[in-house]
Amino acid sequence: MRITLFGATGRMGQLLTQLALDAGHEVTAYARTPGKLRITHPNLSVVAGQLDDDEAILEAVRTADAVIEGVGSESEATRRIITAMNTAGVKRFVVVSTCSVPDPDDLPDAKFKMLVRFVKTAAPRAYAEVRAAAQAVRASDLDWTLVRVAKLNDKAASGNVKVGNYGHGVVGLSVTRADMAAFLLAQVSDGTYVRSAPAISN
Ligand SMILES: NC(=O)c1ccc[n+]([C@@H]2O[C@H](COP(=O)([O-])OP(=O)(O)OC[C@H]3O[C@@H](n4cnc5c(N)ncnc54)[C@H](OP(=O)(O)O)[C@@H]3O)[C@@H](O)[C@H]2O)c1
């Protein structure tokens, strides 16, 4: 498949880029700092641009079969990517989200609510942006999946990812970047979580 990645230069993004290439996909990485991408591969191309460059974003997604976004709390960028995907007729959109984004099937306990309140107080802009981004994704006609995580770490891949909703005693708070990258990549060819917002953890 042809996959466009936003956030490919990040810690999780570089793992995802390598995984996608190893799996035989053609990858387009959209990056404001292409020099940070430590990977070279015949199936990897880079489109350089900022997140407000509509022309470059369209160029990056134009021939994609799927787009994965992991740039963090930038709702305007998410809206611009959605617009570009609509223009290009690309449907599959896998988006990194966080535990600050609720889902109707969550059953948050007091400890979880306290964590989200802490995020809201400590990082109000990021909190508001990630929720606004999720709202834009949910309002779109794309085949979207919001992959919600609370805390990433750099331990080795475990291959053991729990998927579900917060508060049901299954999904915890922490996941390795490697396991998250593998989960995101799997979504491009798996419709199980289309138009839903699974939470994941180890
Ligand atoms: N760290 C956590 O515990 C945690 C928890 C929940 C969700 N997340 C999300 O999980 C994803 C991966 O996390 P990570 O810690 O591996 O990420 P990271 O290393 O911080 O990398 C973030 C990526 O997003 C890009 N980016 C961020 N802000 C940008 C902006 N304003 N304009 C253009 N590009 C921008 C970065 O580009 P540059 O390389 O150019 O800076 C980089 O490619 C992110 O979306 C993050 O928000 C993380």
Side-chain angles (χ1 to χ4, degrees), residues 3-20 27-39 44-61 67-82 84 93-103 106 112 115-120 122-134 136-137 144-157 161-163 166 171-185 187 197-202:
I3 303 173
T4 298
L5 303 180
F6 291 83
T9 54
R11 288 162 289 174
M12 189 282 298
Q14 305 238 15
L15 298 173
L16 174 56
T17 304
Q18 192 64 61
L19 270 187
V27 175
T28 299
Y30 188 87
R32 62 176 169 182
T33 47
K36 283 172 82 174
L37 200 53
R38 295 185 300 269
I39 303 162
L44 173 64
S45 53
V46 178
V47 174
Q50 299 290 336
L51 291 176
D52 61 356
D53 187 340
D54 292 330
E55 221 170 284
I57 291 172
L58 181 57
E59 183 196 336
V61 306
V67 174
I68 304 178
E69 187 211 319
V71 294
S73 310
E74 298 293 337
S75 67
E76 186 52 35
T78 304
R79 282 187 211 96
R80 289 173 188 275
I81 294 167
I82 291 169
F93 193 27
V94 181
V95 184
V96 175
S97 189
T98 77
C99 61
S100 297
V101 169
D103 185 83
D106 291 339
F112 186 85
L115 169 71
V116 174
R117 265 203 306 274
F118 171 76
V119 174
K120 187 178 179 182
R125 182 187 177 275
Y127 174 86
E129 283 294 301
V130 77
R131 288 168 67 100
V137 171
W144 55 266
T145 302
L146 288 166
V147 178
R148 297 182 297 153
V149 294
K151 183 88 190 83
L152 301 181
N153 67 65
D154 290 318
K155 291 180 190 161
V161 173
K162 311 265 195 305
V163 189
Y166 290 116
V171 179
L173 295 181
S174 191
V175 66
T176 69
R177 286 185 169 83
D179 285 321
M180 183 177 188
F183 185 83
L184 290 169
L185 182 62
Q187 301 319 302
I200 67 167
S201 74
N202 289 127

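One-based numbering along the sequence shown. Whatever order the structure lists ligands and atoms in, that order sets their numbers, starting from 1. Since the structure is predicted, the reported quantities are computational estimates derived from the model, not experimental observations.
Scanning all heavy atoms of the two residues, the minimum distance from R131 to P102 falls at NH1-CD, 3.5 Å.
The contact shell of ligand 1, taken as protein residues with any non-hydrogen atom closer than 4.0 angstrom, comprises G7, T9, G10, R11, M12, R32, T33, K36, L51, G70, V71, G72, E74, V96, T98, V149, A150, K151, L152, R177.
Contact check for V119 versus T98: no side-chain heavy atoms found under the 4.5 Å cut-off.
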Considering only distance and modelled atom types, tabulate donor-acceptor pairs under 3.5 Å from the side chains of residues 176-185, sequence neighbours left out.
unit_1	atom_1	unit_2	atom_2	d
T176	OG1	D179	N	2.9
T176	OG1	D179	OD2	2.9
R177	NH1	D154	OD1	2.9
R177	NH1	D154	OD2	3.3
D179	OD1	S158	N	3.1
D179	OD1	G159	N	2.9
D179	OD2	S158	N	2.9
D179	OD2	S158	OG	2.9
D179	OD2	N202	ND2	2.8

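Proximity of a side-chain donor or acceptor of Q187 to a complementary backbone N or O of I68 within less than 3.5 Å is not detected.
Of the listed residues (L51, T78, V96), just one forms a side-chain contact (heavy atoms from CB on, under 4.5 Å) with V71, and that residue is L51.
Contact check on R125 versus E74 returns a salt bridge, with a Lys/Arg side-chain nitrogen under 4.0 Å from an Asp/Glu carboxylate oxygen.
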